[in-house]
Student: 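Would you mind keeping the following structure in view while I ask a few things?
Every chain is numbered from 1, with letters handed out A, B, ... down the list of sequences.
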Number of protein chains: 2
Amino acid sequence: MTSPAVRILLCDDHAVVRAGLLALLGSEPDIEVVGEAGSGEEAVALAARLTPDVVLMDLQLGEGIDGVEATRRIAATGVHVLVLTTYDTDADITRAIEAGATGYLLKAERPEELFAAIRSAAQGRTTLSPPVASRVMARMRRPLPTLTDRERDILGQLSQGLGNRDIARALFISEATVKTHLGRIYDKLGVDTRAGAVAVAKEQRLLP
Amino acid sequence: MTSPAVRILLCDDHAVVRAGLLALLGSEPDIEVVGEAGSGEEAVALAARLTPDVVLMDLQLGEGIDGVEATRRIAATGVHVLVLTTYDTDADITRAIEAGATGYLLKAERPEELFAAIRSAAQGRTTLSPPVASRVMARMRRPLPTLTDRERDILGQLSQGLGNRDIARALFISEATVKTHLGRIYDKLGVDTRAGAVAVAKEQRLLP
DNA sequence: GGCCCCATCAGCCGATCGGTTGATGCGGGG
DNA sequence: CCCCGCATCAACCGATCGGCTGATGGGGCC
């Protein structure tokens with residue numbers, strides 16, 4: 001006997017991308033798209049109602065909750081979420097994985113890889129795009145500095161262009177504390193100026 | 001008699017997006033996709049060979065020349081280029097228009113808008129997505145500060161986290177000159193610190 | 001209870017930055 | 001030819017930053 005088709009729910013805010021996935025997946029007999037969502041909220045609701053085998057989730061969703069939050073909620077219900085997104089920064093990958101994603105694919109991936117990843121995800125097996133896998137391995141080998149929550153707060157204020165005094169006031173701490181945090185942030189990001197820190201923060205998408 | 005179908009060339013580095021456009025445009029009898037390109041170089045070559053009525057061009061193309069450069073080369077041959085991209089920052093819009101784009105659409109746009117824009121572009125008429133049109137109008141009303149080439153150089157170095165002395169050395173000018181440029185950059189970007197300048201630069205995609 | 005991470009704060013000092021004023025030279029447009 | 005935008009440079013000064021050493025206290029974890 002043949003196993004039933006893998007049931008898929010799409011979530012992407014771009015109609016063009018949804019149409020593309022629909023078209024590509026339509027050519028695969030063992031994959032069936034059972035629903036489409038254009039927002040995170042919609043995806044969470046549809047996932048609960050349709051209980052698909054796999055949700056294909058974009059991380060950037062425009063309005064409303066983002067892909068990470070949607071992934072968290074859907075994964076919590078036991079449904080497999082396969083992230084399909086454009087960026088492969090450490091921060092995005094880390095957030096998606098800790099939110100419970102089953103796999104992480106890049107949109108630049110060849111369609112065949114996508115099909116394979118979907119079949120894997122349906123069985124709970126993990127698939128990572130090669131560049132993503134590389135980053136994960138690198139991270140394991142040399143545990144890249146992870147910013148603490150407080151450090152992210154500081155970095156956020158810094159990215160507004162604020163001086164130490166203003167950051168201190170905004171976060172209700174002393175200037176000395178701000179300087180201490182900044183020093184550690186520089187260390188972790190491998191820079192030695194505030195401008196450099198902001199550059200890395202934006203580049204690596206460390207801030208929302 | 002009915003006019004012949006509008007002949008389209010797609011250019012996007014993501015197979016998923018190309019498939020999506022192919023699927024969406026396939027439902028329109030008066031629109032025919034005559035070619036697909038996954039890189040800027042490919043698009044330029046195919047445009048020359050196929051002479052389509054409209055090229056649908058993404059601005060972010062990964063490897064090789066970017067969408068702006070591809071647009072410039074294709075538009076120079078008299079072929080209409082309709083930019084279809086994700087971002088609507090002033091810098092991207094400006095660059096695309098000055099490269100000769102006939103229109104500027106966002107991927108988040110509804111498919112019907114896309115069809116209409118393609119038909120317009122085929123006749124050389126301009127179509128802009130509403131958010132894009134708004135920005136263009138706003139820019140006309142209050143001519144947003146445009147950075148000079150040199151100021152962009154300085155900003156680029158600043159975004160590497162360099163100090164004034166290093167910037168001066170890198171660009172073979174004096175520290176005093178760097179400071180002068182920085183002052184003007186702050187004014188134009190509406191900030192008063194280097195960190196703020198870098199933040200705006202990254203946010204607005206002012207740098208490559 | 002000890003250990004470690006995190007967050008908090010202090011004081012010091014040299015280096016850097018940001019603002020200001022003013023000046024020169026070059027090129028294009030009217 | 002004159003004006004203006006652009007790039008270049010100088011000198012000055014107060015404010016800020018970055019690096020340093022060192023200290024305190026709260027939570028987990030074993």
Side-chain angles (χ1 to χ4, degrees), chain A residues 90-91 94-95 98 139-140 142-202 206-207, chain B residues 90-91 94-95 98 139-140 142-202 206-207:
Chain A
D90 282 330
T94 302
R95 277 195 289 263
E98 70 89 27
R139 156 93 56 144
M140 306 264 304
R142 185 168 39 76
L144 254 207
T146 305
L147 296 184
T148 67
D149 290 345
R150 204 48 167 164
E151 284 160 0
R152 251 189 302 279
D153 291 341
I154 305 275
L155 188 53
Q157 299 297 320
L158 176 58
S159 294
Q160 315 280 30
L162 299 187
N164 291 345
R165 183 173 312 147
D166 304 291
I167 297 177
R169 273 205 271 267
L171 301 181
F172 306 106
I173 55 181
S174 85
E175 233 177 298
T177 306
V178 173
K179 292 178 65 173
T180 308
H181 283 305
L182 277 179
R184 275 194 285 267
I185 292 174
Y186 295 158
D187 279 347
K188 291 185 177 178
L189 299 188
V191 301
D192 56 358
T193 65
R194 14 187 78 216
V198 173
V200 172
K202 298 284 187 182
L206 296 178
L207 301 173
Chain B
D90 283 330
T94 303
R95 277 196 288 262
E98 70 89 27
R139 155 93 56 145
M140 306 266 301
R142 185 167 39 74
L144 255 207
T146 305
L147 295 183
T148 66
D149 290 344
R150 204 50 169 163
E151 284 160 359
R152 251 189 303 280
D153 291 341
I154 304 276
L155 188 53
Q157 299 298 320
L158 176 57
S159 294
Q160 314 280 16
L162 299 187
N164 291 346
R165 183 175 311 143
D166 304 291
I167 298 178
R169 273 205 270 266
L171 300 181
F172 306 105
I173 56 182
S174 86
E175 228 175 304
T177 304
V178 173
K179 292 179 65 172
T180 308
H181 283 305
L182 277 179
R184 275 195 286 268
I185 291 174
Y186 295 159
D187 279 347
K188 291 184 178 179
L189 300 188
V191 301
D192 57 358
T193 64
R194 16 187 74 216
V198 173
V200 172
K202 297 284 187 181
L206 296 177
L207 301 173

Student: Is any side-chain heavy atom of B/Thr180 closer than 4.5 Å to a side-chain heavy atom of B/Arg184?
Tutor: yes

Student: Heavy atoms only, 4.0 Å cut-off, all strands: where does A/Gly183 land among base, sugar-phosphate and nothing?
Tutor: nothing

Student: For salt bridge (charged side-chain N to carboxylate O under 4.0 Å, His left out), just list the numbers for B/Asp149 and B/Arg152, CA-CA rounded to whole Å, side-chain angles, deciding distance to a tenth of an Å, and then say yes or no.
Tutor: CA-CA 5 Å; B/Asp149 290 344; B/Arg152 251 189 303 280; 3.0 Å; yes

Student: Please state whether the phosphate of C/dG18, meaning OP1 or OP2, lies under 4.0 angstrom from any side-chain nitrogen or oxygen of B/Thr193.
Tutor: no

Student: Would you mind reporting whether B/Ile173 and B/Arg150 have side-chain heavy atoms less than 4.5 Å apart?
Tutor: yes

Student: What residues from residues 165-179 of chain A pass a heavy-atom cutoff of under 4.0 Å to DNA chain C?
Tutor: A/Ile173, A/Ser174, A/Ala176, A/Thr177, A/Lys179

Student: Do B/Lys188 and B/Leu147 make a side-chain contact, defined as non-hydrogen atoms from C-beta onward lying under 4.5 Å apart?
Tutor: yes

Student: I want to check something: taking the side chain as every heavy atom from C-beta on, are A/Gln157 and A/Asp166 in contact at a cut-off of under 4.5 Å?
Tutor: no

Student: Rounding to an integer number of Å, can you tell me how far B/Arg194 CZ sits from C/dG19 P?
Tutor: 11 Å

Student: Between the base of C/dC9 and the side chain of A/Thr180, is there a donor and acceptor pair under 3.5 angstrom?
Tutor: yes

Student: For a quick test of reading the model, state the closest non-hydrogen atom pair linking B/Leu207 to B/Ser159 and the distance between them.
Tutor: CD1-OG, 3.3 Å

Student: Give me the first and last nucleotide of DNA chain D, going 5' to 3', that has any atom under 4.0 Å from a heavy atom of chain B.
Tutor: D/dC6 to D/dC12

Student: Between C/dG18, C/dA7, C/dC17, which nucleotide has the shortest distance from any of its atoms to the side chain of B/Asn164?
Tutor: C/dC17

Student: Just by modelled atom types, is the A/Gly161 backbone N or O under 3.5 Å from a matching donor or acceptor in the B/Thr193 side chain?
Tutor: yes

Student: Assuming nearest nucleotide by heavy-atom distance, tell me which of A/Leu182 and B/Glu151 is located more 5' along DNA chain D.
Tutor: B/Glu151

Student: Take atom CZ of B/Arg184 and atom C1' of C/dT21, then tell me their distance rounded to the nearest Å.
Tutor: 14 Å

Student: Which heavy atom of A/Leu189 sits nearest a heavy atom of A/Ala197, and at what distance?
Tutor: CD1-O, 3.9 Å

Student: To the nearest Å, how far apart are A/Asp153 CG and C/dC6 P?
Tutor: 14 Å

Student: With no hydrogens and no angle check, is any side-chain donor or acceptor of A/Arg194 less than 3.5 Å from a backbone partner on A/Leu158?
Tutor: no

Student: What is the distance from CD1 of B/Ile154 to C1' of C/dG18, rounded to the nearest Å?
Tutor: 15 Å

